[in-house]
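Before any comments, here is the structure.
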Amino acid sequence: MTENIWNEIVNDIKEELKKDNLDIWFSSIKKAELKDDVLEIEVPNSFYIDQISKKEDLIKNRLKILNGKDIKIRYAVKQEETKEDILKESETKIDSDVVVGGNIFKSNINPDYTFDNMIISEFNKFAASHSKQIANENSKDKILFIYSNPGLGKTHMLHAIGNEILKSKPQAKVLYTTAEVFVNEYIDSIKQNRVDNFRAKYRNLDCLLIDDVQFIVAKEKSEEEFFFTFNALSDYGKKIIISSDRPPNDIAVNERLISRFKIGAVADIKSPEYEARMAILKKENETHKYNIPDDVINFIAENVKDNIRSLKGCISTVYHYSYYSNEYPTIDKTKEWIKDFLTINTNTQSTKITVEDIQRIISEEYGITVEELKSKQRSERFAFPRQIAIYISCEISGLSLPEIGKQFNKDHSTVIHARDKIRQLLNSDPFFSEKINNLINKIKNKNVN
């Protein structure tokens, strides 16, 4: 019955899908199960999630018509191999569930994310060398902070550290988690009166790998709990590896926690250089047997420069368009198929984009004056456009946070708050994300027209 529901949804919105060239992504979904008011869609990889989520509102509306109630959507990335298959494949791969004291301890480590299958080049060499060092059983280094823009391999790096530790010491209590999960678990432990269990789990680890630590901000109790967890592990000489999308000083948390982040090495990952981009694309091409020609790979490497996730998304897009349309992937076809990725990278201007440009265009967009945008008025009519302008300034102006603050008559912490609020909205609302991308393109193209 579930399959019929999915087919009916796709059939109902097929014209809308064709208009946006999304039909191939929807039609290739083989499994979608409706359970307890949740539609779980199994997808081959995370890029499908990006494409399908563009039409989530249409899907939910159709589901409500069919079922008479609101339905949530959840995605599950298809696992090609079972755990048993993975263990048989290589003795060096680590099962993420290890037995400790007769109990199963879930480390959440992905066995496929290792140093061996990581492309290491100038852009990430510093972070990789520190990561390998801290993963060594005899290393004196115990704390590492890794930061970069999204999509540059921080999560892969954390899992690789975990795999390396477990390879040399299989019984080690190594845990990978995200800041969001940490916060949610802590809240649940308070509700269920099980805070002691929560603390026992996190404060008795041999290694804590925590991703996206910036999401702990503005959650005072959780931030305090993380501070004490950090201290407990550090005091016992345990390993703590933290990742973030910004350096420690740009995270709006208590200064005492920032000082803890900087106890060990602080390593950044930059955007990959051309040679690294070529290596990443060729590895993806070989691993997934895409058979994309070299000239197309070279075109992608030359024109998609922002992050690894975009590179992988591009080559996956080219393959799927080619496969489902039965067309050979030429350069011209590739330009058409990956146009959404190219808009970010083909608008580089010889004239520097200024905060004044951003302020003027955002003010025009929202029907207010630049003076009102920069004013101290806190009503939504002025505050929201101001936050958008600050976010875009952080993304494309090249100025530091204090410099941006001066342009808006705001202090450093206000800039961080505005930037992070817009980032959270972008992560949760694909339509808002599209609007912001259009505004950024409009600003970048200001001297082209």
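Keep in mind it's a predicted model, so treat the numbers as computed, not measured.
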Inset, instruction - Can you see which heavy atom on Val266 is nearest to which on Pro248, and at what distance? - result: CG1-CD, 4.0 Å
Legend entry - Salt-bridge criterion met for Lys270 and Glu122 (N-O under 4.0 Å): no
Legend entry - Distance, nearest 0.5 Å, that separates OG of Ser244 from CD1 of Ile216: 10.0 Å
Legend entry - ring pair (Phe, Tyr, Trp, His ring centres under 6.0 Å) evaluation trace for Tyr391 with Phe384: CA-CA 11 Å; Tyr391 165 79; Phe384 190 57; over 10 Å; no
Inset, instruction - Specify the closest pair of heavy atoms between Ile297 and Ile292, including all atoms of both residues, with the distance to one decimal. - result: CD1-O, 3.7 Å
Inset, instruction - For the pair Lys435 and Glu365, find out whether any cationic side-chain nitrogen is under 4.0 Å from an anionic carboxylate oxygen. - result: yes
Inset, instruction - Flag the pair Lys262 / Asn249 as yes when at least one side-chain heavy-atom distance between them is below 4.5 Å, and no otherwise. - result: yes
Legend entry - Pair Asn291, Tyr323: side-chain N/O donor-acceptor within cut-off below 3.5 Å: no
Inset, instruction - Count the heavy atoms belonging to other residues, nucleotides or ligands that lie under 6.0 Å from NZ of Lys60, then report whether that count exceeds 12. - result: yes
Legend entry - Short N-O contact, Lys239 and Asp206, less than 4.0 angstrom: no
Inset, instruction - Assess whether atom CD of Glu180 is packed by more than 12 heavy atoms of other residues, nucleotides or ligands within 6.0 Å. - result: no
Legend entry - Ring-face cation of Lys132 near Phe115 (centre distance under 6.0 Å, axis angle within 45°): yes
Inset, instruction - Kindly give the heavy-atom pair with the smallest separation between His130 and Leu144, and that separation in Å. - result: CB-CD1, 3.9 Å
Legend entry - Under-4.0 Å salt bridge between Glu40 and Lys31: no
Inset, instruction - Determine whether the side chains of Asp211 and Tyr176 contain a donor N or O and an acceptor N or O closer than 3.5 Å. - result: yes
Legend entry - Ser53-Glu56 side chain donor-acceptor pair, cut-off 3.5 Å: no
Legend entry - Phe408 CZ: over 12 foreign heavy atoms closer than 6.0 Å: yes
Inset, instruction - Please determine, by modelled atom types, if His156 and Asn117 share a side-chain donor-acceptor pair under 3.5 angstrom. - result: yes
Legend entry - Verdict with supporting geometry, Glu286 and Lys283, salt bridge (charged side-chain N to carboxylate O under 4.0 Å, His left out): CA-CA 5 Å; Glu286 179 182 340; Lys283 188 175 183 65; over 6 Å; no
Inset, instruction - State whether Arg423 and Glu395 are salt-bridged, where the test is any N-O pair (Lys NZ or Arg NE/NH1/NH2 against Asp/Glu carboxylate O) under 4.0 Å. - result: yes
Inset, instruction - Could you grab the distance from atom OG of Ser316 to atom CG of Asn285, nearest 0.5 Å is fine? - result: 11.5 Å
Inset, instruction - Please report the shortest heavy-atom distance between Ala276 and Pro272, naming the atom on each side. - result: CB-CB, 3.9 Å
Legend entry - Gln214 and Tyr147: side chain donor to acceptor below 3.5 Å: no
Inset, instruction - Please report the C-alpha distance between Phe230 and Leu208 in whole Å, then the side-chain angles of each, then the deciding distance to 0.1 Å, and finally whether the side-chain contact (heavy atoms from CB on, under 4.5 Å) criterion is met. - result: CA-CA 9 Å; Phe230 188 106; Leu208 173 61; over 6 Å; no
Inset, instruction - Could you please spell out the steps behind the salt bridge (charged side-chain N to carboxylate O under 4.0 Å, His left out) verdict for Glu273 and Lys305? - result: CA-CA 8 Å; Glu273 69 279 9; Lys305 305 175 183 179; over 6 Å; no
Legend entry - Backbone N/O of Asn136 and side chain of Ser139: donor-acceptor pair under 3.5 Å: no
Legend entry - Charged N-O contact under 4.0 Å between Glu327 and Lys333: yes
Inset, instruction - List the atom of Arg277, the atom of Val304, and the distance in Å for their closest heavy-atom pair. - result: CD-O, 3.2 Å
Inset, instruction - Spell out, as yes or no, whether a donor-acceptor pair under 3.5 Å connects the side chain of Arg386 to the backbone of Leu373. - result: yes
Inset, instruction - First locate atom CD1 of Ile241, then atom CD1 of Ile210, and finally report the distance between them rounded to the nearest 0.5 Å. - result: 11.5 Å
Inset, instruction - Could you tell me the separation between the OG atom of Ser393 and the CD1 atom of Ile443, rounded to the nearest 0.5 Å? - result: 7.5 Å
Inset, instruction - For side-chain contact (heavy atoms from CB on, under 4.5 Å), just list the numbers for Asp268 and Ser148, CA-CA rounded to whole Å, side-chain angles, deciding distance to a tenth of an Å, and then say yes or no. - result: CA-CA 6 Å; Asp268 68 326; Ser148 77; 5.9 Å; no
Inset, instruction - Look up atom CZ in Arg74 and atom CD in Glu42, then write down how far apart they are to the nearest 0.5 Å. - result: 14.0 Å
Inset, instruction - Can you measure from NE2 (His320) to CH2 (Trp337) and round to the nearest 0.5 angstrom? - result: 12.5 Å
Legend entry - Carboxylate-amine/guanidinium contact Arg246 Asp420, below 4.0 Å: yes
Inset, instruction - Show the numbers, then the answer: is there a side-chain contact (heavy atoms from CB on, under 4.5 Å) between Glu225 and Phe198? - result: CA-CA 10 Å; Glu225 184 63 30; Phe198 173 87; 3.6 Å; yes
Legend entry - Over all atoms of both residues, closest heavy-atom pair of Phe182 and Thr177: N-OG1, 4.2 Å
